[in-house]
Amino acid sequence: MASLGSRRVLQAAIRSSQLRIIPNLFAHTHSTVMAPSSISRRGYTHRTPAPPDTSHSLEARRALRTYGLVPPAVESHALQAQRCMKQLDLKASQIEKYVYLSRLRNSDVHLFYRLVLDHFTSLAPLIYTPVVGEACLKWSDIYRQPEGLYLSYKDRGNLKEVLQNWPQPNVEITVVTDGSRILGLGDLGTNGMGIPVGKLALYTGCAGIRPEVALPLTLDLGTNNETLLKDPLYMGTRMKRVSEEEQGKFLDELMVALNETWPGIVVQFEDFKNPFPALEKYQYRYSCFNDDIQGTGAVVLAGIVSALRKSGIKAKDQRAVFMGAGSAGTGVAKQIVEYFMKEGLTEHEARRAFWFIDTKGLITNDRGDRLAEHKKYFSRDDNNGKQFMSLSEVVDHVKPTILMGLSTIRGCFGEPILNKMATLNKNPIIFPLSNPSDNAECTFEEAMKYTDGRALFASGSPFPDYIHNGKAMKASQANNMYVFPGIGLASILCKAKHISQEMIYTSATSLSSTLLENEYESGMLMPSLDRIREVSVIVARDVIRQAQREELDREPMLRDLEDYELEEWIKSKMYDPRKEDGYLELERERTEELVRASEIATFEVRERFSAKL
Ligand SMILES: NC(=O)C1=CN([C@@H]2O[C@H](COP(=O)(O)OP(=O)(O)OC[C@H]3O[C@@H](n4cnc5c(N)ncnc54)[C@H](O)[C@@H]3O)[C@@H](O)[C@H]2O)C=CC1
Ligand SMILES: CC(=O)C(=O)O
Ligand SMILES: [Mg+2]
């Protein structure tokens, strides 16, 4: 324990804001600083030493007994961040960069987010799609530390107890997956943990949700992936996936357990192969939403609004062919139907503007198979008995203005299809939205090359710029990361009773309003990722307003604020490790925790010692 003298020095160092104790969200599971709550709850009896840190003042190093353990220079956080970026550059492969960043997040969360915020556009592909896809594929090999909570099927009946093992006392948001459809990579079982971890890193990066209130959650309900089942390093339970019914009961228990443990927690469902039953069942009961259906729908609608404005073709004249009729595809189309109706079409007219293709070809009423419920709404009855098996046949038949890819099939928008789209349209709308990049229906380069640079393009994963006729063109990224952080932040801040469809729709119109005129003029359909924080604030503000209109909010004082005041208030609630005051305030809290922790630990050691005497 720090002696009285050294404790005074420590406190003086805290007051002079020089000291930073490296925070670790898994404090009680391995090394570094312990949170007092975990100490008292778990009865730890020995002090964990503070890790040496080059940003600590010399006084603080003496007080913490880390003096001499780091080089003599006292460094600013900015300088530390600069070194991290250099080290990142030295990593030869993308996956090594991913591992480096994961370790940084786990050893020094503030420094990690400082990096993320300062270099969002270049780091987002490393912590999220596409590299998170590779990380999930290799999760069993690259695993180094716990990063979230796992709930297994055998834990049913005790889910609440397991949740209580989470080391952070206050959780406000969780991203939960069952790993059954990770990006476009299929069933990855518990290796899917990379997705909740990555999405929550974006919650913090984009919307300033404090890292310690975010819970990455992976359900271990078995896997049908034979390769994983045979892999000795696979860390999930070795069994086939449980049935839909068993999963349903498990989720019922989970939703109750989550809400009893952390009342009002916002739940984002992510990458479930069949996400529809949970959304239907819980969306009006809890504060929850499905990112793949709803978040994707909203973000793509925002891209479509910009694309229609650019193409000059009215909603009533649009014809959209969707390759892929899963949760994302139908979620996107439903959101566009809503928009077309607001543009004056009847629901029938709006719905008729869509043609869907799945593994069996064009979805029609008479193609002879039993259609899944979510496909029926868009199933065609005007095919005159003819069935269309390939995308090419459907494009000839429909003559679409829009081509949407949510199929996971790399390259299915090949040269002939893109040529055809360019022949049919002055500005064909081409959105290859499947993730990660290797699963995209076409690349940016292909879309531009085969449409003579005329395509209005947005993809799910990032693509590099393409030079067309000497002009550098930028790919827009229509990824749900533009809206889910704002939706989640709004729901937490206004304490939403539930997250309505109108709140989701509002996130789309809100996002579309953030596209700057110069961005639009330069051909972009989505705002620059460099502005993602600004964008998330606007989305959060508008979603809160919509919740208020529907009386779904439980924070009445926000109603009295003007829009600009609400915006400022939202910003004031956002975690930002770069803001000196806020940053150092966090450090102060953490350091005080350490002092308290060492006191508790010493007290307990003394108690034990005197008991032995
Ligand atoms: N850009 C974004 O923000 C988002 C992108 N996505 C991506 O969208 C893709 C699909 O996601 P979900 O709809 O949730 O998956 P899903 O598994 O529910 O749907 C995939 C669909 O593609 C169809 N499909 C598969 N192979 C096909 C083939 N050879 N020919 C024609 N159709 C085929 C399937 O029949 C199914 O309808 C994934 O790659 C995912 O990463 C999903 C959510 C957000
Ligand atoms: C982006 C996303 O949510 C997906 O590809 O599933
Ligand atoms: Mg997803």
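All ligand and atom numbering here is 1-based and tracks the order in the structure.
At least one heavy atom of Y128 sits less than 4.0 Å from an atom of ligand 2. For T129, the heavy-atom gap to ligand 2 stays at 4.0 angstrom or more.
Taking atom 5 (O) of ligand 2 as the reference point, the nearest protein heavy-atom neighbour is N435 ND2, 2.8 Å.
When every heavy atom of L371 is checked against every heavy atom of K376, the shortest pair comes out as O-CE, 3.4 Å. The shortest heavy-atom contact between L228 and G189 is CD1-N, 4.1 Å. The two residues L251 and A278 come nearest to each other via the heavy atoms CD1-CB, 4.0 Å. In plain terms, the two heavy atoms of E270 and T177 that are nearest each other are O-OG1, 2.8 Å. Here the closest non-hydrogen pair linking C442 and F413 is CB-O, 3.4 Å. Here the shortest heavy-atom pairing between I417 and S392 reads CD1-CA, 3.6 Å.
A cation-pi contact, defined as under 6.0 Å to the ring centre and within 45° of the axis, links K386 to F388. With Y505 as the aromatic partner, K342 meets the cation-pi criteria of under 6.0 angstrom to the ring centre and within 45 degrees of the ring axis.
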Write 'none' if nothing qualifies; otherwise put on separate lines each N/O atom of ligand 1 with a protein N/O atom under 3.5 Å away and their distance to 0.1 Å.
from	atom 1	to	atom 2	distance (Å)
ligand 1	1 (N)	L433	O	3.3
ligand 1	1 (N)	A478	O	3.1
ligand 1	3 (O)	N480	N	3.0
ligand 1	13 (O)	S327	N	3.2
ligand 1	13 (O)	A328	N	2.9
ligand 1	14 (O)	R181	NE	3.0
ligand 1	14 (O)	R181	NH2	2.7
ligand 1	14 (O)	S327	OG	2.6
ligand 1	15 (O)	R181	NE	3.4
ligand 1	17 (O)	K273	NZ	2.6
ligand 1	18 (O)	S327	N	3.2
ligand 1	37 (O)	A325	N	2.8
ligand 1	37 (O)	G326	N	3.2
ligand 1	39 (O)	N435	N	3.3
ligand 1	39 (O)	N435	O	3.3
ligand 1	41 (O)	G184	N	3.4
ligand 1	41 (O)	N435	N	3.3

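The distance from ligand 2 to the heavy atoms of D292 drops below 4.0 Å at these ligand atoms: 2 (C), 3 (O), 4 (C), 6 (O). Numbered from 1 in the order shown, with element, the atoms of ligand 2 that lie under 4.0 Å from a heavy atom of N479 read 1 (C). Close approach of ligand 2 to K199 is summarised as follows: ligand atoms under 4.0 Å from at least one heavy atom of the residue are 1 (C), 2 (C), 3 (O).
Heavy atoms of M481 found under 4.0 angstrom from ligand 2: none, in either backbone or side chain. Residue contacts with ligand 2 for D271 involve side-chain atoms from C-beta outward but no N, CA, C or O (heavy atoms, distance under 4.0 Å).
Excluding waters, the set of protein N, O or S atoms lying under 2.8 Å from the Mg ion (ligand 3) comprises E270 OE2, D271 OD1, D292 OD1.
D382 CG: more than 12 foreign heavy atoms inside a 6.0 Å radius. More than 12 non-hydrogen atoms from other residues, nucleotides or ligands lie less than 6.0 angstrom from OH of Y377.
Ring pair Y282/F269 is parallel by interplanar angle, where below 30° counts as parallel and above 60° as perpendicular.
For F484 and Y203, the ring centers are positioned less than 6.0 Å apart.
Salt-bridge check for K240 with E226: passed, with a basic side-chain N closer than 4.0 Å to an acidic carboxylate O.
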